[in-house]
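Down below is the structure, laid out as structure tokens.
Only heavy atoms go into these numbers, but all of them, side chains included; no hydrogens, no water, no symmetry mates. Throughout, protein chains are lettered first and strands after them, A, B, ... in sequence-line order, and every chain is numbered starting at 1.
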Number of protein chains: 2
Amino acid sequence: MPLSPPDTLKPRKAPRQTRAAVTLDAIFEATIQVLLSEGERRLTTTRVAERAGVSVGTMYQYYPHKQALLYAVLQSHLTHISAAIEAACLTARGQGVTHMGELLVQTFLDTKIERLDVTKALYLIAEDLDTRSLLAATTERNVAAAASMLATASDARFENVQAVAFTLFSAIAGSTRIVFERGVSLPALKELRRELTLMCRSYLLNASLSAVASAERAHSVS
Amino acid sequence: MPLSPPDTLKPRKAPRQTRAAVTLDAIFEATIQVLLSEGERRLTTTRVAERAGVSVGTMYQYYPHKQALLYAVLQSHLTHISAAIEAACLTARGQGVTHMGELLVQTFLDTKIERLDVTKALYLIAEDLDTRSLLAATTERNVAAAASMLATASDARFENVQAVAFTLFSAIAGSTRIVFERGVSLPALKELRRELTLMCRSYLLNASLSAVASAERAHSVS
DNA sequence: CTAAGATATGAAGAATTCTTCAGTTTAGGG
DNA sequence: CCCTAAACTGAAGAATTCTTCATATCTTAG
């Protein structure tokens with residue numbers, strides 16, 4: 001479900017020729033670079049165009065205004081990630097929850113790191129009011145993929161898979177963001193992956209229905 | 001540690017008279033309201049002043065520019081939260097990790113909800129490059145408080161308390177943010193609290209040193 | 001090779017925003 | 001009550017940014 005943008009944010013036209021596609025790529029890339037080097041406040045259409053090596057007018061041929069461009073850049077990245085998650089979730093159907101949790105963490109982190117600059121740049125514009133619905137829809141999509149996978153787990157059954165999937169996803173995406181925003185070092189990354197994996201595994205095992213009984217038993221003892 | 005702002009973001013002067021303090025309060029409040037109703041892009045000094053019922057010049061008496069104002073607003077909120085967390089952490093020393101986890105989740109959520117409008121508004125400006133160090137320092141402070149508490153747990157010992165505390169905090173703060181940004185409903189909140197509590201408890205119990213052995217045993221069986 | 005459509009240009013007007021400061025008003029100690 | 005420091009005002013200049021469009025250049029089907 002690629003979710004078409006609201007009318008105001010729709011592109012004016014799609015590139016027909018190859019060179020136009022190349023130009024658009026350059027503009028996307030320039031957007032990222034300007035965001036990283038200048039910050040959101042100094043992200044202007046002129047600066048982007050200059051960095052992309054094209055004229056401002058060119059961008060306005062494809063997008064009616066800056067917002068629409070940003071929306072497109074963000075959407076492209078989010079779609080990429082969701083696709084990766086969906087693919088991964090399909091491979092793990094019927095497996096145990098430990099494997100599933102590990103896979104989710106792994107896939108999410110790998111995809112984010114793959115284009116670390118894009119990831120970091122987009123955190124800077126993700127809050128924009130215009131992008132709210134886009135973010136919400138993406139979350140929806142990722143949660144659906146995870147939930148559908150979790151429902152097939154060989155060693156667990158959940159009362160509310162949707163809620164579990166959502167919690168899992170929030171925790172992964174949320175803490176990843178916090179770590180990435182403070183600046184990622186290799187050791188920090190390894191630690192994040194390790195702890196996040198552990199956290200997901202623990203949570204999934206405990207959220208499973210069979211675990212509820214034993215947990216309550218344990219609790220009433222103390 | 002209130003962390004003094006970098007030179008460029010320092011206030012020009014502090015209010016001396018009561019009315020000045022009142023004015024500043026109004027300006028802070030107006031900043032939040034404008035952020036919520038207009039978004040970051042349309043947050044201008046003039047609009048803030050207008051909403052606060054004062055003249056633009058007034059704001060510039062206290063802050064050299066918009067950035068400094070935003071920094072102050074953000075700092076005030078973050079400080080408030082950190083203080084609450086630190087206080088809570090002190091009350092739980094020597095208790096079990098289940099209680100500790102629950103307390104952290106509870107305190108964090110309660111404090112965020114207490115001023116939900118402020119929380120939501122500040123998410124909109126938290127990404128600013130200028131606020132990076134502020135966010136980092138705050139995280140530091142919260143993690144330190146949590147770590148110090150966890151080290152006294154009656155029923156667990158951790159190899160790396162710092163890492164555990166950090167993971168815990170990231171998961172809580174990160175998923176809270178994701179939930180709050182998509183819009184908070186009462187049921188969504190209750191679910192967040194419930195699942196987050198469960199997740200923290202599971203994680204803490206499993207991250208404890210005594211758990212490592214049993215986990216490895218369980219793993220080698222399958 | 002050529003015409004039509006696609007793409008690119010960039011100067012310039014409109015709009016918005018930031019920030020200052022000279023002058024006015026207010027508070028509160030003596 | 002008076003005086004000084006503090007607080008407040010808001011018009012206006014400087015700076016930045018957005019967006020358009022008339023014009024020029026390129027691509028490619030036929």
Inset, instruction - Round to the nearest Å and state the distance from A:Glu50 atom CD to D:dT17 atom P. - result: 12 Å
Inset, instruction - Please say whether more than 12 non-hydrogen atoms of neighbouring residues, nucleotides or ligands are located less than 6.0 Å from CD in B:Glu114. - result: yes
Inset, instruction - Before giving the answer on side-chain contact (heavy atoms from CB on, under 4.5 Å), spell out for A:Leu9 and A:Leu134 the whole-Å C-alpha distance, their side-chain angles and the decisive distance to 0.1 Å. - result: CA-CA 11 Å; A:Leu9 296 174; A:Leu134 177 55; over 6 Å; no
Inset, instruction - Report yes if at least one side-chain N or O of A:Thr58 is closer than 4.0 Å to OP1 or OP2 of C:dT9; otherwise report no. - result: yes
Legend entry - Minimum-distance nucleotide (side-chain atoms of A:Thr45 versus C:dA27, C:dG10, D:dC18): D:dC18
Legend entry - Geometric class of the B:Phe108/B:Phe169 ring pair [parallel <30°, tilted 30-60°, perpendicular >60°]: perpendicular
Legend entry - Protein-nucleotide distance (A:Glu38, atom CD; D:dT17, atom P), rounded to Å: 10 Å
Legend entry - Shortest side-chain distance from A:Lys66, nucleotide among D:dC8, D:dC18, C:dT17: D:dC18
Legend entry - Length of the line joining A:Gln67:CD and D:dC18:P, which is rounded to integer Å: 10 Å
Legend entry - B:Arg12 side-chain proximity, nearest of D:dT9, D:dT27, C:dT20: C:dT20
Legend entry - Pair B:Arg115 + B:Asp117: basic N to acidic O under 4.0 Å: yes
Inset, instruction - Whole angstrom is fine here: how far is it from CD in B:Gln17 over to P in D:dT4? - result: 16 Å
Inset, instruction - Would you classify A:Gln61 as touching base, sugar-phosphate or nothing, given that sugar-phosphate means primed atoms plus P, OP1 and OP2, and contacts are heavy atoms under 4.0 Å? - result: base
Inset, instruction - Tell me which nucleotide among D:dT17, D:dC8, C:dT7 gets nearest to the side chain of A:Thr44. - result: D:dT17
Inset, instruction - Could you say whether A:Tyr60 or B:Ala14 is positioned toward the 5' end of DNA chain D, judged by the nucleotide with the nearest heavy atom to each? - result: B:Ala14
Inset, instruction - Test side-chain contact (heavy atoms from CB on, under 4.5 Å) on B:Ile172 and B:Thr176 and set out the steps. - result: CA-CA 6 Å; B:Ile172 295 175; B:Thr176 298; 4.2 Å; yes
Legend entry - Whichever of A:Ser55 and B:Arg19 has its nearest DNA chain C nucleotide further upstream toward 5': A:Ser55
Inset, instruction - Kindly point out which of D:dC8, C:dG10, C:dT7 is positioned nearest to the side chain of A:Lys13? - result: C:dT7
Inset, instruction - Mind calculating the distance between CE (B:Met59) and P (D:dA6) to the nearest angstrom? - result: 20 Å
Inset, instruction - Using a 4.0 Å heavy-atom cut-off across all strands, classify A:Val56 as base, sugar-phosphate, or nothing. - result: base
Legend entry - Given DNA chain D, 5'-ward residue of the pair A:Pro64 and B:Thr18, judged by closest heavy atom: B:Thr18
Inset, instruction - Name the nucleic acid region contacted by A:Tyr62, choosing base, sugar-phosphate or nothing; use a 4.0 angstrom heavy-atom cut-off, strictly under. - result: sugar-phosphate
Inset, instruction - Compare the minimum distances between each of D:dT19, D:dA7, C:dG5 and the side chain of A:His65, then state the nucleotide with the smallest one. - result: D:dT19
Inset, instruction - Find the distance B:Leu43:CG to C:dT17:C1' and express it as a whole number of Å. - result: 11 Å
Inset, instruction - Would you indicate, yes or no, if D:dA29 has its OP1 or OP2 atom less than 4.0 angstrom from a side-chain nitrogen or oxygen of A:Arg16? - result: no
Legend entry - CZ (B:Arg93) with more than 12 external heavy atoms under 6.0 Å: yes
Legend entry - Side-chain N or O of B:Arg42 closer than 4.0 Å to phosphate OP1/OP2 of C:dT16: no
Legend entry - Side-chain N or O of B:Arg41 closer than 4.0 Å to phosphate OP1/OP2 of D:dC18: no
